[in-house]
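Read the structure below first, then the notes.
Each ligand, and each atom within it, is numbered from 1 in the order the structure gives. What you see is a predicted model; the values in this text were computed from it and never measured.
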Amino acid sequence: MCGIVGYIGNKNTKEILLEGLKELEYRGYDSAGIAVLQGENFESFKAVGKLVNLEEKTKNFVTQNFAVGIGHTRWATHGKPTELNAHPHLGESSYVVHNGIIENYAELKKELMREGVTFLSQTDTEVIVHQFEKNLKTHATPFEAFSQTIKELKGAYAILLVTKSKSDSIFFAKHGSPMIIGKNSENEKYFASSDTPLIGHCSDVNYFEDGDFGYVNLSEIVIVDKEGSKKQPHFSKLSTNKLSAQKDGFRFFMEKEIYEQSVVIADTLMGRLSESAVLFDELDTSLFNGINEIKLCACGTSYHSALSASYLFERYAKIKTSVEVASEFRYRQPIMTKDTLFVVISQSGETADTLETLKMAKEAGLKTLVICNVDNSSMVRLADASILTRAGIEKGVASTKAFATQVTVFWMLTLFVAKLKNSLASGEIARQIALLREIPSSVKVTDSMHEKIKRLSKRYLHGHGFFFIGRDIFYPLALEGALKLKEISYLHAEGYPSGEMKHGPIALADPELFTIALLPQYLLYEKAKSNVEELSARDSTICVISAIEFDKADDFIQISACRDYMLEFFEMMVVVQLLSLEISIRLGNDVDMPRNLAKSVTVE
Ligand code: AGP
């Protein structure tokens, strides 16, 4: 998601900021900008799209002597990815960059506008700089004005602010979003939202804690903690390995991405929920006019999220929904009627088979929507409407956080359509919105859970195959669990509906057949349990994932007692992802780049 950099020193500030932003590209962004203060002169540049566009805009801008500078890569949340919404945001004589969300921005903005302040962007960030300049008028020093501003902000943030009123310094604040300061023997100071931009420039770094704020210049690092007391920075040595810094200490990107799911799902939900409704600013409700059916089309993991969505759309939005594998759909001369909303789902937005079906739907005159993780991808450009999943760049070839955010978007979209069609009582919509807010905590990986899975993974390295089984929406999750395992362990695995095992596959049951059974407490528990018992009676080796203890299993992974089957879905999703990860690691495979697979499949 968004990235922040800052620099104080005598070197080429522009280049340092642009290089730093490049190091943060892996987080994903859709616009970028920098602001540099040299003496009394401020220069700021912003560009939509990739950093080359910003480089192009700044090519005649030269920085040689002492300067302070801040930079930002933005992943749009409040307001579209436009130049005006890109950071840094300007007040009268100050600039700010910010990651996170200012929850009370609407109130602050209302008051500032009443006092005559003009806002240029739709972002929550812009209130910070105006509020600071307002406080500047009534406080003795810029730092007092900044401290007051921080007190007035609610939400999560990492903030850098530069101002002509103290032109040798950068003001900073950190609460809930990452922020680091680095230093070196030349007395330069660097800020960034992760280690990577600082590697090669700084020898030592200090990781700010939530609630820390202050200012930094060539000779001072002033930090105040959340209690209001001054504190000393705690510098530690910075690693010199960029790749491992990008992995944040995790063994593989896939592992990091599994752990990130809580944060990216919170980003997916951000600004899209009120107490009683799901808000998709990017959707015009006329998209649903005259629509009697939804057709979902995708490949691989995205197909599994689509299959999950079909259960939700029919159950809650009461709309007929069908799901298609794109590579099949494109050649089977399908009947397409104009009362069908054609929805493609793709992490990359470039998958050739899915893209082709989108073209077919457009040619047939259907309304189209894409659920995608990459803005400006081919599918986003082609479809009538798009919803971005906001998972950030996914590096592991085996998709994890992209899937999690796709299902989150689908659940939200179901409630959005249900409200439009009046197919669900308002109390039930509100109840489910409250559940949506719980997903980020449901997908948090606990040490005990991870340790348990690490330990039991050693029992699942051989055998003649795996069946992941589940009923209802847990069937697509079983498919996804099996796909994850296949992709990175190269072991044979199938996802199957629990109730179908007795119609054939049960013939394979023996101790060398591993069954991973998804047993949600709140959805068809008794039925699914009987199916597992049938396998247990035939001596299959069984690992049950459930909130309820199950004594006929060889292994049992307990999830927490959630309030709803959808939260069980998300918790079990993490379990099957970790299980695949740990089995693959034990087998010595390259988890992030499994053999024969590519991240974006742009061929048929
Ligand atoms: C997921 O782990 C896969 N690597 C793969 O199945 C992927 O989901 C599929 O190729 C579709 O990609 P897309 O979401 O980018 O369209």
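Comment: Glu56 does not engage Lys50 in a salt bridge, judged by the lack of any side-chain N to carboxylate O separation of less than 4.0 angstrom. The pair Arg459-Asp555 meets the salt-bridge criterion, since a charged nitrogen lies less than 4.0 angstrom from a carboxylate oxygen.
In this structure, OG in Ser560 is found 7.0 Å from CE in Met449, a value given to the nearest 0.5 Å.
Remark: Lys367 is not positioned above the aromatic ring of Phe342, lacking an NZ or CZ atom under 6.0 angstrom from the ring centre and at most 45 degrees off the axis.
The side chain to side chain contact (heavy atoms under 4.5 Å, CB included) check on Pro520 picks up Phe474, Leu523, Glu568, Met572, with sequence neighbours excluded.
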Inventory of protein N or O atoms under 3.5 Å from ligand 1 N or O:
{"residue": "ligand 1", "atom": "2 (O)", "partner": "Thr301", "partner atom": "OG1", "Å": "3.3"}
{"residue": "ligand 1", "atom": "2 (O)", "partner": "Ser399", "partner atom": "N", "Å": "2.8"}
{"residue": "ligand 1", "atom": "2 (O)", "partner": "Lys484", "partner atom": "NZ", "Å": "3.1"}
{"residue": "ligand 1", "atom": "2 (O)", "partner": "Glu487", "partner atom": "OE1", "Å": "2.7"}
{"residue": "ligand 1", "atom": "2 (O)", "partner": "Glu487", "partner atom": "OE2", "Å": "2.9"}
{"residue": "ligand 1", "atom": "4 (N)", "partner": "Val397", "partner atom": "O", "Å": "3.1"}
{"residue": "ligand 1", "atom": "4 (N)", "partner": "Glu487", "partner atom": "OE2", "Å": "2.9"}
{"residue": "ligand 1", "atom": "6 (O)", "partner": "Thr301", "partner atom": "N", "Å": "3.3"}
{"residue": "ligand 1", "atom": "8 (O)", "partner": "Thr301", "partner atom": "N", "Å": "3.1"}
{"residue": "ligand 1", "atom": "12 (O)", "partner": "Thr351", "partner atom": "OG1", "Å": "3.3"}
{"residue": "ligand 1", "atom": "14 (O)", "partner": "Ser302", "partner atom": "OG", "Å": "2.5"}
{"residue": "ligand 1", "atom": "14 (O)", "partner": "Gln347", "partner atom": "N", "Å": "2.7"}
{"residue": "ligand 1", "atom": "15 (O)", "partner": "Ser346", "partner atom": "OG", "Å": "3.3"}
{"residue": "ligand 1", "atom": "15 (O)", "partner": "Gln347", "partner atom": "N", "Å": "3.4"}
{"residue": "ligand 1", "atom": "15 (O)", "partner": "Ser348", "partner atom": "N", "Å": "2.9"}
{"residue": "ligand 1", "atom": "15 (O)", "partner": "Ser348", "partner atom": "OG", "Å": "2.7"}
{"residue": "ligand 1", "atom": "15 (O)", "partner": "Thr351", "partner atom": "OG1", "Å": "3.3"}
{"residue": "ligand 1", "atom": "16 (O)", "partner": "Ser346", "partner atom": "OG", "Å": "2.6"}
{"residue": "ligand 1", "atom": "16 (O)", "partner": "Thr351", "partner atom": "OG1", "Å": "2.4"}

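The residue from Ile345, Thr268, Val409 that alone fulfils the side-chain contact (heavy atoms from CB on, under 4.5 Å) condition with Ile387 is Val409.
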